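Here the structure is a predicted model, which means the values were calculated and not measured. Naming: A, B, ... by sequence-line order, numbering from 1 per chain.
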Number of protein chains: 2
Amino acid sequence: MVNLKDVAKRAGVSVSTASYSINGSTLISDDTKKKVLDAAKEIGYRPNGMAKNLKKQKTNIIGLFLSGFSGPFFTEMMEGIQDVVMSKGYELVVCASADRHRLLVESYVDGAIILNYHMEDHLLESLANEKLPIIMLDRELKGPYIKNVLLPNKKGSAMMVNYLISKGHKRIGFIAGSIESYDGESRLEGFIKELNNHNISFLEQDLLRAEFTELSGHYQMSSYLEKMGNDLPTAMVCANDEMALGAIRAIQENGLNVPDDIAIVGFDDIYASQNNNPPLTTIKVPRKQWGTIAAQSLLQMLDNQFDFEPEQILVELISRTSG
Amino acid sequence: MVNLKDVAKRAGVSVSTASYSINGSTLISDDTKKKVLDAAKEIGYRPNGMAKNLKKQKTNIIGLFLSGFSGPFFTEMMEGIQDVVMSKGYELVVCASADRHRLLVESYVDGAIILNYHMEDHLLESLANEKLPIIMLDRELKGPYIKNVLLPNKKGSAMMVNYLISKGHKRIGFIAGSIESYDGESRLEGFIKELNNHNISFLEQDLLRAEFTELSGHYQMSSYLEKMGNDLPTAMVCANDEMALGAIRAIQENGLNVPDDIAIVGFDDIYASQNNNPPLTTIKVPRKQWGTIAAQSLLQMLDNQFDFEPEQILVELISRTSG
DNA sequence: TTTAATATTGAAAACGATTTCAAATAGAAT
DNA sequence: ATTCTATTTGAAATCGTTTTCAATATTAAA
């Protein structure tokens, strides 16, 4: 491997001069600088990031740590993060893991954005205690180096409940996702709470548990229909769009009509929702903005500003024909 | 920052003993090992990856370098890669960039999978020359440390052409994507070639250029319909499903029927295609398998095996109602 | 010329790990 | 007690940079 020493030797200067030249320091005369740069190009020099980071105690890398890559939901968010991170001279790496991740734990990153329910609170807290700035996207966590950028799930659910009640619905079911999901559970929580605000109590029997996928939504709704016979709610709120789409399919397969027999509404506004038949009424989440705000907040911390609250994310009810 | 020296001091041993203990060497007695591990836990030691990698000249990281995070297409492929990479004790980082990427160039990764038309051939070739194993997903590149894991685009197009001709179509148009895309262009190439094999010559006027998105497909098809009036092909092949979906929407908005007036077929078989109205006839690409084969091939090279050909990827024609 | 000021350069010490090689210790055999 | 072997440990070199500090070369002023 060709290193700085080789470049220096070739250019006939010392290692330090070579380093300065390559990093564009003003200390070095243009002549020597050129000599060094030429030498570097000639022998194909490429700096070693590990050595550089070790010395500088800084990587200029931001990590986005996910629990997995699946789902159409996250790519827009990743784009939002990438835009901001890149514009500030950092690099983004996206990693998935089933628990701790080497890149997070072993000082590969200057800051981290977490959307990974596998990762334990105390790991993240102790990292933050060692001054690693962290943005939490999937739960609330406190700490001097931690900021939360969370979706207004409860507010979204409340909006949806109000909307459905204003349309005359009195018995409303809910298709929840897996219980580990912060977003999913707070959507459920907000839903029940707003129902109660209207003096409607939620029937446990009308709570279905799926796993955020179209398939699981379809499956759970099918068994529910079979189990309940004609004893059905007039509307169901789903914790995300995918499950809503699956539920709609199940209902239609049973010869029932959406929204006439059962209204189905979702959460997220993924791309497929508008083209569905019928188009899905849902809560639109500004995914790219979510990423943008997360990245901005992180970079602000990396700039040694800690006394701020991340910008609020606003959701919007999109009324289509499914509910 | 607490480092190995601190651990050693705390445990009352030398740095080397501490290192051995933590890495589970058999050289160290169980007693001392335990002493060191306890000390490490007590003071919250976390190894420094940069130092480790610098010394070992190895990172155990595989990089996946994309041109961007957008599109529903890649997440499955990423899952395939992740599965294999993780099972072999490596980590995966996913990066997007508009040209070279620091993590690729500055020795952060032991191997790279490239799906990024921004990256220049000669950069990749010179990296490979320095013994960095590379898998190319988006073009053909030769070199001792380079393997190509490419989709059988031409074959897929040919299958589609044959299918359409067998259904009686004689004038078939094509909606291409941006000209930089290897997959897109080879799909077009295979399409034209197979037409010629049937002694049908392709009319330049029936070649539309969009940008792989639903929106661009919709737009290009709309202007095309307006421009051509009644002088239309009876079928159109699209270089991917998104554009096909957009095209269908445009056609329907013009009061025409798919497939009766114009048959539309796609390529990829994305999730939305089966639920479209009408469901889209397309070429199904095994995306996850694509990732799996890529990762396996890369790890094989990292295991110092170079004399092999990556497994072939097979595509399949899915006949639905759109064409 | 000599001196002072400034512009360039180089030697060497970090950064935090791994690993080689030699030394120390313990235990067993004589 | 002495020697030998096997086990366990430690000192120091190394990986490729950056950066401090001191030294040298250059220029301008006296």
What is the distance from [atom1] of [X] to [atom2] of [N], rounded to the nearest Å?
X	N	atom1	atom2	result
B/K55	D/dT17	NZ	C1'	15 Å
A/D6	D/dC15	CG	P	11 Å
A/L4	D/dT19	CG	C1'	13 Å
A/D31	D/dT26	CG	C1'	14 Å
B/K58	D/dG16	NZ	P	16 Å
A/Y108	C/dG16	OH	C1'	12 Å
A/M50	D/dC15	CE	C1'	12 Å
B/K9	C/dG16	NZ	C1'	14 Å

Inset, instruction - Walk me through it: do A/S67 and A/N116 pass the test side-chain hydrogen bond (donor to acceptor under 3.5 Å, both in side chains)? - result: CA-CA 4 Å; A/S67 46; A/N116 187 334; 4.6 Å; no
Legend entry - Given C/dA17, D/dT18, C/dC15, the nucleotide with the shortest approach to the side chain of A/K52: D/dT18
Legend entry - Per A/K56 side chain, nearest of listed nucleotides C/dC15, C/dT18, D/dT19: D/dT19
Legend entry - Per-nucleotide protein contact string for nucleotides 5-10 of chain C, where B marks a base within reach and S marks sugar-phosphate only (heavy atoms under 4.0 Å, - for neither): ---SBB
Inset, instruction - Run the ring-centre check on B/Y117 versus B/Y182 and record whether the distance is less than 6.0 Å. - result: no
Inset, instruction - Have a look at B/N53 and say if it touches a base, only the backbone sugar-phosphate, or nothing, with a 4.0 Å heavy-atom cut-off. - result: nothing
Legend entry - Sidechain N-carboxylate O distance under 4.0 Å for A/E42, A/R10: yes
Inset, instruction - Please examine the side chains of B/Y20 and B/T32, heavy atoms only from C-beta on, and report whether any two atoms are closer than 4.5 Å. - result: no
So, OP1 or OP2 of [N]: does either fall under 4.0 Å of a side-chain N or O from [X]?
X	N	answer
A/N3	D/dT17	no
A/Q57	C/dG16	yes
A/N48	D/dG16	no

Legend entry - Any donor-acceptor N/O pair, A/W290 side chain to A/I81 backbone, under 3.5 Å: no
Legend entry - Among B/N53, B/N48, B/T59, the one residue meeting side-chain hydrogen bond (donor to acceptor under 3.5 Å, both in side chains) with A/Y108: B/N53
Inset, instruction - Can you spot which of A/K35, A/K41, A/K34 makes a side-chain hydrogen bond (donor to acceptor under 3.5 Å, both in side chains) with A/D38? - result: A/K34
